[in-house]
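Index from 1, following the sequence. Keep in mind it's a predicted model, so treat the numbers as computed, not measured.
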Amino acid sequence: MTTADPHQVAIVGAGFSGLCMAINLRRSGIRDFVVFDKESDIGGVWRDNVYPGCGCDVPSHLYSYSFARYADWTRAYPKQEEILDYLHRCVSRWKLESHLRLGTEIAEARWRPQEGLWRLRDTAGTEYTARTLVCGVGQLNRPRYAAVPGRETFTGAQFHSAAWDPAWPPEAFAGQDVAVIGTGASAVQFVPEIAPHARSLKVFQRSANWVIPKYDYAFGPASRWAFRNVPGLRLALRGIIYTVVGETLLYSAIAGSALGRGVQKFSARHLRKQIADPALRAKLTPDFPIGCKRILISDDWYPALARDNVDVVTDPVAEITPDGVRTADGTDHPATVVIHATGFRATEFLSPIEITGRTGTRLAERWKDGASAYLGIAVPEFPNLFLLYGPTTNLGHNSVVYMIESQVRYIMRWLEAAGSGQVEVAEEALAAYTANTQRLLSRTAWAAGCTSWYKTADGRLVNNWPRRSFRYRLATTRRRARDFLTP
């Protein structure tokens, strides 16, 4: 079955990216668009991740749209529930409800040259058409499991942190022997929540991470009153966080500058201050420069690992057994609950949607050696296709919402310029952009010899933007017509 007349714009994904696009279409007066999402609610990563302690490591007043700055955050760093509520408020404010097609998973998108349209098909077989396709499915939407055998044999409770079983609130871990595989951004949030309740908790660490303090705190009534009533206060705070914390301090660690080495010393001091045991401190000291992997921000991660009922295991996980976890040294670690905090398949952009372009080439085939897109937004041979939060647009130092807004503004300019016609980025433009970006990435801390979700299996960096975020804003401010084909 095919739906009626083609939409002007079809958006896939109702998280921060897709909703930002939808809101800006509404703000510009465009009403003929639809937003698809495979789940029954909006929110993307902030809908899916509901593990205990889930929150953002970007300060509240920077983690919002610039056109919808929020006054009522309750904490310096927002929790999952508040972020999801904020997105629901945005949906209501811009009356997006009638544009949403929730519970609709797009399985295939194919460009039809003879029609000049994208033809989409969902998993139920219904087809839709649109002149422009915008994919905002994000980079962190498909959980990844460690490549160890035996997961299906485990007889206890088992789940991924990104698919947390609601039957397991923190207090449910009382009397349980818990195995946590992974020590990334989700583990540093949920382990401190469940550790006080568990009988025993073993954290299986592949490599240590650099951690800096979060200094999180609740906003009191006076602060919240000021945010609502003092003109310019939220904007000033947003600017300070963006410039001083993000573009200066954290970016210096990625760039490997002298200031970045100072951030590493600050992180090492944080470790020494919170971990008194020399043996545990040695386990938790990274063997790579700060910034190579995602810098973690936490006040309570180290104290949780120092608890008497918590052990950090550095021997590699060899397999999962019916009764727990076996490490490479042959030791069996009994467990009644196994939690996989092993991140996402972040380099598999847009998967599992099958997208076929003008020449019949599938996007997955084009990207088999690593994803690339012009400014992370456009791909040759795929007319009127735009990506949000695509390759080389992730950040390790600032708010990705800022990047998303830059992309949406850029797409809006091209929609206006193209009108009802077609627009496609040139191969030469993508080749030049990719070569320059890879050259810049090779100079960052990310290129050091650590494993991270920023890299493909063969070590190519495909996720991150290598410069300060304001440079990306400048790059997307200029609409270089010579870089695009408009047949």
ask   = Which residue pairs satisfy the salt bridge (Lys or Arg N to Asp or Glu O under 4.0 Å) criterion with at least one member in residues 327-345, sequence neighbours excluded?
value = Arg326-Asp332, Arg345-Glu348

task = Find out whether Leu62 and Asn398 are in side-chain contact, i.e. whether some heavy atom of one side chain is under 4.5 Å from a heavy atom of the other.
result = yes

request  = Kindly indicate, with the supporting measurements, whether the criterion salt bridge (Lys or Arg N to Asp or Glu O under 4.0 Å) is fulfilled by Lys202 and Asp177.
outcome  = CA-CA 8 Å; Lys202 291 189 177 181; Asp177 296 312; over 6 Å; no

task = Could you check if a side-chain atom of Val211 sits within less than 4.5 angstrom of a side-chain atom of Leu271, using non-hydrogen atoms only?
result = no

ask   = What are the two closest non-hydrogen atoms of Ala306 and Leu280, and how far apart are they?
value = CA-CD2, 4.0 Å

query = Taking atom NZ of Lys283 and atom OG of Ser207, what is their separation to the nearest 0.5 Å?
reply = 14.5 Å

request  = Kindly confirm or rule out a cation-pi arrangement of Lys293 over Tyr454, judged by NZ or CZ under 6.0 Å from the six-membered ring centre and within 45° of its axis?
outcome  = no

inquiry  = With side chain to side chain donor-acceptor pair (under 3.5 Å) as the test, pick out the partner of Gln158 among Arg151, Glu152, His340.
reply    = His340

key: Whether Phe173 and Trp164 hold their rings parallel, tilted or perpendicular, with breakpoints at 30° and 60°   = tilted

ask   = Just by distance, do the side chain of Thr437 and the backbone of Tyr433 share a donor-acceptor pair under 3.5 Å?
value = yes

Thr456 side chain to Arg460 backbone, donor-acceptor under 3.5 Å = yes

query = Okay, side chain of Thr434, backbone of Ala431: is any donor-acceptor separation there less than 3.5 Å?
reply = no

message = Checking Asp57 against Tyr77: is there a side-chain donor and acceptor pair closer than 3.5 Å?
response = no

message = Counting C-beta onward and ignoring hydrogens, is there a side-chain heavy-atom pair between Thr451 and Arg206 closer than 4.5 Å?
response = yes

Check: Ala346 main-chain N/O paired with Asn463 side-chain donor or acceptor under 3.5 Å = yes

inquiry  = Can a side-chain donor-acceptor contact be found between Asn49 and Gln80 if the only test is distance below 3.5 angstrom?
reply    = no

inquiry  = For a quick test of reading the model, state the closest non-hydrogen atom pair linking Ile339 to Ser161 and the distance between them.
reply    = CG2-N, 4.4 Å

inquiry  = Would the distance check show the side chain of Trp210 and the main-chain N or O of Ile295 forming a donor-acceptor pair, the cut-off being under 3.5 Å?
reply    = no

task = Dump the intermediate steps for side chain to side chain contact (heavy atoms under 4.5 Å, CB included) on Lys455 and Val462, then the final yes or no.
result = CA-CA 6 Å; Lys455 299 177 181 179; Val462 296; over 6 Å; no

query = Looking at the rings of Tyr145 and His160, which for Trp means the six-membered one, are their centres under 6.0 Å apart?
reply = yes

message = Regarding Arg142 and Ser351, do their side chains bring together a donor and an acceptor under 3.5 Å, going by distance alone?
response = yes

ask   = Does the side chain of Gln205 come under 3.5 Å of the side chain of Thr183 through a donor N or O and an acceptor N or O?
value = no

message = For the aromatic rings, using the six-membered ring if either is Trp, is the centroid distance between Tyr242 and His397 under 6.0 Å?
response = no

ask   = When you check the side-chain N and O atoms of Glu405 and Tyr65, is any donor under 3.5 Å from an acceptor?
value = no

inquiry  = Does any part of the side chain of Tyr389, heavy atoms only, come nearer than 4.5 Å to the side chain of Met403, both counted from C-beta?
reply    = no

request  = Apply side chain to side chain contact (heavy atoms under 4.5 Å, CB included) to Phe204 and Val180, showing your working.
outcome  = CA-CA 6 Å; Phe204 293 85; Val180 175; 6.0 Å; no

Closest non-hydrogen atom pair between Leu84 and Gly43, with its separation = CD1-CA, 3.8 Å

request  = Quick one: closest heavy-atom pair of Arg471 and Arg467, and the distance?
outcome  = NH2-NH2, 2.6 Å

query = Okay, side chain of Arg362, backbone of Ile355: is any donor-acceptor separation there less than 3.5 Å?
reply = no

message = Looking at Arg468, is its backbone amide N or carbonyl O close enough to the side chain of Trp465 to form a donor-acceptor pair, meaning the two atoms are under 3.5 Å apart?
response = yes

query = Does some side-chain heavy atom of Leu120 sit less than 4.5 Å from a side-chain heavy atom of Phe36?
reply = yes

ask   = Does a sphere of radius 6.0 Å around NZ in Lys273 hold more than 12 heavy atoms from other residues, nucleotides or ligands, not counting ones at 6.0 Å or beyond?
value = no

task = Scan side-chain atoms only and decide if His333 and Asp311 contain a donor-acceptor pair under the 3.5 Å cut-off.
result = no

ask   = Does a side-chain heavy-atom distance below 4.5 Å link Leu440 with Ser442?
value = no

query = Do Ser298 and Asp300 meet the criterion of a side-chain donor-acceptor pair at a distance under 3.5 Å?
reply = yes

key: Donor-acceptor pair, side chain of Arg121 and main chain of Thr126, under 3.5 angstrom   = no

task = Dump the intermediate steps for side chain to side chain contact (heavy atoms under 4.5 Å, CB included) on Thr393 and Gln407, then the final yes or no.
result = CA-CA 9 Å; Thr393 65; Gln407 295 152 32; 3.4 Å; yes

message = Closer than 4.0 angstrom, basic N to acidic O: yes or no for Asp37 and Arg47?
response = yes

message = Looking at every heavy atom in both Phe159 and Trp168, which two are closest together, and how far apart are they?
response = CE2-CD1, 3.6 Å

Closest contact, heavy atoms only, Trp446 versus Asn464 = CE2-ND2, 3.2 Å

inquiry  = For Arg281, is there an ion pair with Asp277 - N to carboxylate O distance below 4.0 angstrom?
reply    = no

query = In terms of side-chain geometry, is the basic nitrogen of Arg366 or Glu427 positioned less than 4.0 Å from the acidic oxygen of its partner?
reply = yes

query = Should the pair Lys368-Glu365 be classified as a salt bridge under the 4.0 Å nitrogen-to-oxygen rule?
reply = yes

Side-chain heavy-atom pair Pro289, Gln264 within 4.5 angstrom cut-off = yes

inquiry  = So, applying side chain to side chain donor-acceptor pair (under 3.5 Å) with Arg238, which one of Ser66, Ser60, Ser64 is it?
reply    = Ser64

message = Quick check against the 3.5 Å criterion: does Asn209 have a side-chain atom that pairs as donor or acceptor with the backbone of Gly184?
response = no

message = Under a plain distance cut-off of 3.5 Å, with no hydrogens placed, do Tyr251 and Ser257 share a side-chain donor-acceptor pair?
response = no

key: Identified side chain to side chain contact (heavy atoms under 4.5 Å, CB included) partner of Tyr86 from the options Trp46, Tyr63, Tyr70   = Tyr70

Glu39 side chain vs Asp48 backbone, donor-acceptor pair below 3.5 Å = no

query = Within 45° of the six-membered ring axis of Tyr402 and under 6.0 Å from that ring's centre, is NZ or CZ of Arg473 located there?
reply = yes

query = Is Thr347 close to Trp453 at the side-chain level, that is, under 4.5 Å between some pair of heavy atoms?
reply = no

